[in-house]
Amino acid sequence: MADAVLFEFLHTEMVAELWAQDPDPDPGPGVSAGPGGGGGGGWGGQKMSLSVLEGMGFRVGQAMAERLPRETLAFREELDVLKFLCKDLWVAVFQKQMDSLRTNHQGTYVLQDNSFPLLIRMSSGLQYLEEAPKFLAFTCGILRGALSTLGIKSLVTASVAALPACKFQVVIQRC
Amino acid sequence: MTVHNLYLFDRNGVCLHYSEWHRKKQAGISKEEEYKLMKDGFLAFQTSRYKLHYYETPTGIKVVMNTDLGVGPIRDVLHHIYSALYVELVVKNPLCPLGQTVQSELFRSRLDSYIRSLPFFSARAG
C-alpha cells in the first residue's frame, strides 16, 4: 500500500502547476468559497484550470469505481450508490469516511466532510479560504467520475465556509 | 522553569518562524559562557542566564529554543516540533512555499499550544 502522502503531494503539485501559468485570481463557476460564493467575472484561465483538474479527477473516479470491490453487484437504488461513495470510495482515497450525507430525495445530495484531508493542513478557520476551491476541483471530478461508471450522470460542485470542512453537492442529471 | 523563545531556520539561514513567550527585559548576557559539546555533536549551551537548545535535521532545518536554566535535555521536544508541526503543517501545506517565512496561522497556533503544554513551561517566568 503506497503512502497516502504521495497522493497529497502530487495533488498539491497539480494545482500549483496549473496556477503557475495563470495570473487571474478570480475563481470561475462550479466552486465557491465564503458566504456569497465565487465572483461572476474573471472567466478564462482560472475556469480552465478548474475544469482541467475536474476532468482529471473524473477519469480517476471512473477508474476507481470500476476497481473498488463491491459486495453487491447491483445497487438497489440511487441512495445506495451515494452511500458507497461516502464510505468505500472516500476511504479508498482519503482513509476516512464522509461525515454526513443529506438528500432532498429528489436527486440532490449534499456530502459533508468536516476535516477534508486536502484542506486539513492548510488552516483551521478562515485563513486561505479563497484558495480552498482549487483544492476541491479534482475531488469533485472523482465523485462525478465514480457516479458515471455506476451509471449515474451528475453535476458535482463544492463549497467551503470554513476550513477544513467542505461540502460536495451532487445533482443528478436526468435526461 | 520556562521557555523564552524559539527560532526555526532553513538550510539557507532563512528564518522561517520566530515566537517568544517570556523574554526577560534585562538585555545583559553574562560574559561567562559554558560551551558543552556532546558526543553527538552540538546540542546545547548555557550561560548564567539562559540555555540554548539546538536541533538540526539532515535537510538543514534548525530548531533553536531558548529556555531558562532549569530545563534539561529536550531533543525529543525539538524533534516533535520539526516532525509533527513543521513537516505536517508547513511542508505538507500546499499554500506554504518552502524557503519563506511561515504565514500559516494554524502552524503558529498549534506550535503555541504545544509549547504551553510542555511540563517545563510555566505561565509565570521563574
Side-chain angles (χ1 to χ4, degrees), chain A residues 2-20 22-23 25 27 31 33-34 46 49-50 52-53 56-57 93-96 114-139 158 160 162-166, chain B residues 3 6-12 14-21 55-63 65 76-118 121:
Chain A
D3 193 338
V5 81
L6 282 171
F7 168 63
E8 287 179 33
F9 283 145
L10 183 60
H11 181 266
T12 299
E13 279 318 299
M14 276 163 31
V15 175
E17 183 61 30
L18 284 170
W19 259 265
D22 173 66
V31 284
Q46 179 83 194
S49 298
L50 289 171
V52 169
L53 277 173
M56 289 165 72
V93 183
F94 300 113
Q95 294 77 47
K96 71 180 284 281
N114 294 325
S115 53
F116 188 53
L118 297 178
L119 295 179
I120 198 157
R121 295 198 177 83
M122 283 164 45
S123 90
S124 179
L126 300 176
Q127 192 187 21
Y128 301 128
L129 187 64
E130 282 175 8
E131 315 282 333
K134 298 181 202 172
F135 296 91
L136 299 174
F138 184 85
T139 306
V160 185
L163 282 78
C166 63
Chain B
V3 177
L6 178 110
Y7 298 82
L8 210 70
F9 297 100
D10 76 356
R11 67 175 336 132
N12 299 319
V14 174
C15 183
L16 302 175
H17 183 81
Y18 171 71
S19 292
E20 64 181 42
W21 290 270
Y55 177 81
E56 180 170 0
T57 71
T59 54
I61 301 294
K62 304 161 180 48
V63 185
M65 183 187 285
D76 52 338
V77 169
L78 300 181
H79 176 73
H80 184 268
I81 290 174
Y82 169 72
S83 67
L85 295 174
Y86 176 71
V87 169
E88 286 299 307
L89 300 176
V90 178
V91 175
K92 290 185 180 180
N93 181 342
L95 297 169
C96 278
L98 299 181
Q100 291 178 23
T101 310
V102 178
Q103 300 293 336
S104 166
E105 182 54 36
L106 186 59
F107 172 74
R108 195 208 58 77
S109 68
R110 289 265 172 92
L111 176 63
D112 188 68
S113 304
Y114 176 68
I115 297 289
R116 289 182 190 277
S117 75
L118 293 169
F121 182 91

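Worth saying up front: this structure is predicted, and the values here are computed from it rather than measured. Below, read A as the first sequence line, B as the second, and so on, with proteins coming before strands; counting in each chain starts at 1.
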Colleague: Is chain B contacted by the side chain of Val15(A), its backbone, both, or neither, given a heavy-atom distance below 4.5 Å?
Modeller: neither
Colleague: Between chain A and chain B, going by a 3.5 Å limit, which atoms form donor-acceptor pairs, if any?
Modeller:
from, atom 1, to, atom 2, distance (Å)
Arg121(A), O, Asn93(B), ND2, 3.3
Arg121(A), NE, Glu88(B), O, 3.3
Arg121(A), NE, Glu88(B), OE1, 3.0
Arg121(A), NH2, Glu88(B), OE1, 3.0
Met122(A), O, Asn93(B), ND2, 3.4
Gln127(A), OE1, Glu105(B), N, 2.5
Gln127(A), NE2, Gln103(B), O, 2.6

Colleague: Quick one, Met122(A) and Pro94(B) - any side-chain contact, counting heavy atoms below 4.5 Å?
Modeller: yes
Colleague: How long is the span from the CG atom in Leu78(B) to the CD1 atom in Ile61(B), to the nearest 0.5 Å?
Modeller: 13.5 Å
Colleague: Atom CD1 of Ile115(B) and atom CD1 of Ile81(B): how far apart are they, to the nearest 0.5 Å?
Modeller: 4.0 Å
Colleague: Could you grab the distance from atom CZ of Phe9(B) to atom CG of Leu16(B), nearest 0.5 Å is fine?
Modeller: 9.0 Å
Colleague: Which bit of Ile120(A) is near chain B, if near means a heavy-atom gap under 4.5 Å: side chain, backbone, both or neither?
Modeller: backbone
Colleague: Do Leu119(A) and Leu136(A) have side chains that get closer than 4.5 Å, going by heavy atoms?
Modeller: yes
Colleague: What pair of heavy atoms forms the shortest contact from Leu50(A) to Pro133(A), and how long is it?
Modeller: CD2-O, 4.1 Å
Colleague: Would you give the length of the straight line joining atom CZ of Phe116(A) to atom CZ of Phe94(A), rounded to the nearest 0.5 angstrom?
Modeller: 3.5 Å
